[in-house]
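Worksheet: one structure, shown below.
Note on naming: letters A, B, ... go to the chains in the order of the sequence lines (proteins, then strands), and numbering restarts at 1 for each one. What you see is a predicted model; the values in this text were computed from it and never measured.
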Amino acid sequence: MTFIDFINFHIVPGVVLGSIYAVGAIGITMVFGILRFAHLAHGDLATMGAFIALSTMGLFGASPWVGLPVAMIFAAAIAVGIDKTFYDYLRDRPKILTVMASLGVALMLRSVVQVVWGVDSTTYQRGIVRPDEYFGILLRDRELYTLLAVATIVIGLEAFLRKSKWGKAMRAMSDNPDLARLSGVDNRHVTMLTWAIVGALCAAAGFLLGLNNELNSMMGWHLLLPMFAAAILGGVGRVEGALLGGLIVGIAEELSVLILPGQYKAATAFVILLLILLVRPRGLLNGKVL
Amino acid sequence: MSALLSMQAVRGGYGDADILQGVSITVAPREIVVIVGPNGAGKSTAMKAVFGLLHVRGGQILFDGDDITGWAPNRIVKRGVCYVPQVDNVFREMTVHENFEMGAFLRKGDLDAAYDRVYGLFPDLRAKRKALAGDLSGGQRQMVAMGRALMLDPKLLLLDEPTAGLSPKYMEQIFTITRDVRDSGVSIMLVEQHAKQALAFCDRGYVLATGANRHEGTGAALLADREVAQMFLGG
Ligand SMILES: Nc1ncnc2c1ncn2[C@@H]1O[C@H](COP(=O)(O)OP(=O)(O)O)[C@@H](O)[C@H]1O
Ligand SMILES: [Mg+2]
């Protein structure tokens with residue numbers, strides 16, 4: 001195998017997959033950092049976002065990309081609604097209760113998806129797409145647009161967190177919640193804003209996974225492990241860390257087929273998660289202690 | 001004397017037990033009041049009571065004409081009291097300037113004057129405005145914490161052991177700045193471990209022990225008091 005083949009067959013798919021993991025992992029790390037619990041409904045919310053995009057596309061009969069902003073808005077509203085309906089009541093109780101509640105929410109979301117959209121696999125677009133060549137690197141349109149979409153999302157989110165008043169309030173709440181409250185930051189506003197952003201990120205991750213792969217009611221659930229591995233690898237609470245972690249997990253999964261049978265691809269994330277917890281529990285970029 | 005802050009026989013605690021068993025402290029406008037006492041005496045707790053972080057079960061807290069007993073902290077902040085906790089008092093992963101911005105979170109309008117004021121009080125921080133607060137030395141971090149609290153232009157500033165763990169040089173600097181802050185029109189309530197130095201520089205002081213007032217008076221009078229000297233100042 002030549003070097004360029006190695007890039008095209010392993011690194012390119014790894015980067016595309018990893019950038020999708022990253023979008024999901026950023027949401028996980030934000031919930032961890034600001035609301036301080038592991039959100040197990042993250043994957044199934046992504047599934048729902050993917051299917052909302054599918055229906056939107058069917059409605060307008062247009063490119064699947066029309067579905068992305070619509071799905072992001074719906075998923076943001078759903079996430080805020082879930083918080084108000086379930087998690088909010090558990091706010092002052094031990095966090096493990098909210099984690100368990102989020103598992104229940106995951107099952108509920110999946111059931112809704114299965115009732116509304118069925119259990120069969122489907123795709124946004126049929127047919128085989130041939131990749132184009134860019135300086136020897138083979139890239140399909142959808143892969144190129146996926147990378148551009150992820151870059152836009154990450155840059156937009158970073159700008160919001162670094163420059164805007166409420167973005168700074170979210171970082172302050174993640175950094176030192178007591179001091180944020182002493183400074184007059186309203187916890188409820190930050191919580192709502194966090195869920196809106198996290199919901200939108202979930203939908204984006206689900207949509208991009210569906211676009212590059214296929215849609216089915218379990219797609220998000222299977223996304224959960226690599227997303228958590230990526231978030232913890234990068235350092236809990238660190239957006240840049242989740243991006244880095246996502247890329248590493250994605251590339252590692254694609255490289256694993258060089259030494260392991262393909263069925264073990266999904267176990268790669270698990271191994272990474274175990275290793276990082278053993279060797280460097282605060283993650284590559286020194287996140288919060290779990 | 002019309003006091004800015006007046007705690008009258010305050011009782012209360014975190015859970016069911018009363019940590020404060022009748023604490024009375026007053027702070028006049030433009031006055032620096034120091035609270036000293038042995039570890040666990042309830043100094044920090046008394047300060048948290050003012051800021052609404054405690055279940056107050058008896059007594060009254062009056063501030064600038066209002067009875068603020070039982071008010072929530074963010075209402076007290078808006079009323080003009082700012083609090084610098086003893087530990088974890090900066091946003092470590094935010095820059096110095098962002099810490100100040102968070103201090104002014106509740107303020108609307110032009111903040112240039114407020115920034116000029118804090119950078120004027122802490123000129124060393126001007127060069128470090130883009131540095132992360134968590135990367136600064138202990139003394140500079142304490143200055144960031146005070147600056148954050150001053151961004152809201154409070155009438156009363158509560159400082160819990162701002163010199164803990166600092167070198168004598170930084171301690172002097174913090175005291176000097178505290179006086180500058182007072183001279184700019186802010187009253188200050190200060191908890192201190194360094195009792196001797198603090199009593200020497202304050203206007204008035206209180207000695208607390210086991211959740212109650214033990215002694216009070218001008219700093220000089222307390223320093224001269226033999227019992228105070230023996231109990232808390234190491235003879
Ligand atoms: N958050 C808290 N919850 C329960 N008890 C506390 C808390 N903080 C302090 N205490 C208790 O209150 C008493 C007074 O503490 P504190 O006010 O911090 O003392 P000081 O500041 O004078 O050293 C101590 O017995 C301490 O154990
Ligand atoms: Mg204390």
Side-chain angles (χ1 to χ4, degrees), chain A residues 26 29-30 32-36 91-93 157-194 231 234-244 282-290, chain B residues 44 47-48 50-53 71-109 111 114 130 132-135 141-142 144-154 157-160:
Chain A
I26 289 170
T29 218
M30 286 174 76
F32 247 139
I34 297 169
L35 307 169
R36 311 215 173 229
R91 179 159 303 159
D92 298 324
R93 311 284 299 279
L157 183 64
E158 274 292 321
F160 174 76
L161 292 174
R162 305 261 151 223
K163 302 283 175 221
S164 76
K165 178 168 174 148
W166 280 98
K168 285 173 195 163
M170 287 175 71
R171 281 167 55 217
M173 198 53 99
S174 168
D175 190 328
N176 189 336
D178 289 333
L179 195 62
R181 262 176 242 124
L182 293 184
S183 308
V185 177
D186 188 338
N187 199 4
R188 287 164 311 173
H189 283 55
V190 169
T191 303
M192 216 171 110
L193 188 59
T194 305
V236 166
R238 299 228 169 253
V239 170
E240 332 80 85
L243 177 63
L244 183 66
R282 298 186 60 172
L284 296 174
L285 299 190
N286 269 331
K288 292 183 199 312
V289 185
L290 291 174
Chain B
S44 296
M47 191 164 263
K48 286 182 200 163
V50 176
F51 203 68
L53 294 169
W71 282 24
N74 55 12
R75 197 162 162 219
I76 296 175
V77 170
K78 285 183 198 155
R79 191 65 188 75
V81 181
C82 284
Y83 167 55
V84 180
Q86 185 172 345
V87 291
D88 280 338
N89 51 21
V90 296
F91 298 106
R92 305 176 70 96
E93 285 159 26
M94 300 178 83
T95 65
V96 169
H97 197 75
E98 285 173 336
N99 268 270
F100 293 162
E101 277 182 83
M102 286 314 297
F105 190 77
L106 289 171
R107 257 179 98 161
K108 301 203 165 56
L111 294 175
K130 297 238 166 80
L132 295 184
D135 292 343
R141 217 180 297 155
Q142 202 60 49
V144 173
M146 284 175 73
R148 182 201 61 82
L150 287 170
M151 284 299 293
L152 269 185
D153 200 9
L157 184 63
L158 310 174
L159 299 174
D160 197 347

Using the salt bridge (Lys or Arg N to Asp or Glu O under 4.0 Å) definition, which of the options A/Lys168, A/Arg238, A/Arg171 pairs with B/Glu93?
A/Arg238

Segment of B/Arg75 engaging chain A (4.5 angstrom heavy-atom cut-off):
neither

On a heavy-atom basis, which atom in A/Leu179 and which in B/Asp88 lie closest, and how many Å separate them?
CD2-O, 4.3 Å

Closest contact, heavy atoms only, B/Pro85 versus A/Leu182:
CG-CD1, 3.6 Å

What is the distance from atom CD of B/Glu101 to atom OG of A/Ser183, rounded to the nearest 0.5 Å?
12.0 Å

Within the distance-only criterion (no hydrogens, no angle test), does the side chain of A/Asp175 pair as donor or acceptor with the backbone N or O of B/Arg92 below 3.5 angstrom?
yes

Please confirm whether the backbone N or O of A/Arg181 pairs with a side-chain atom of B/Asn74, one donor and one acceptor, at under 3.5 Å?
no

Please determine whether side-chain contact (heavy atoms from CB on, under 4.5 Å) holds for the pair A/Asn176 and B/Met94, giving the CA-CA distance in whole Å, both sets of side-chain angles, and the decisive distance to 0.1 Å.
CA-CA 10 Å; A/Asn176 189 336; B/Met94 300 178 83; over 6 Å; no

What is the minimum heavy-atom distance between A/Ala169 and B/Phe105, and which atoms define it?
CB-CE1, 3.7 Å

Proximal component of B/Leu53, with respect to chain A [non-hydrogen, under 4.5 Å]
side chain

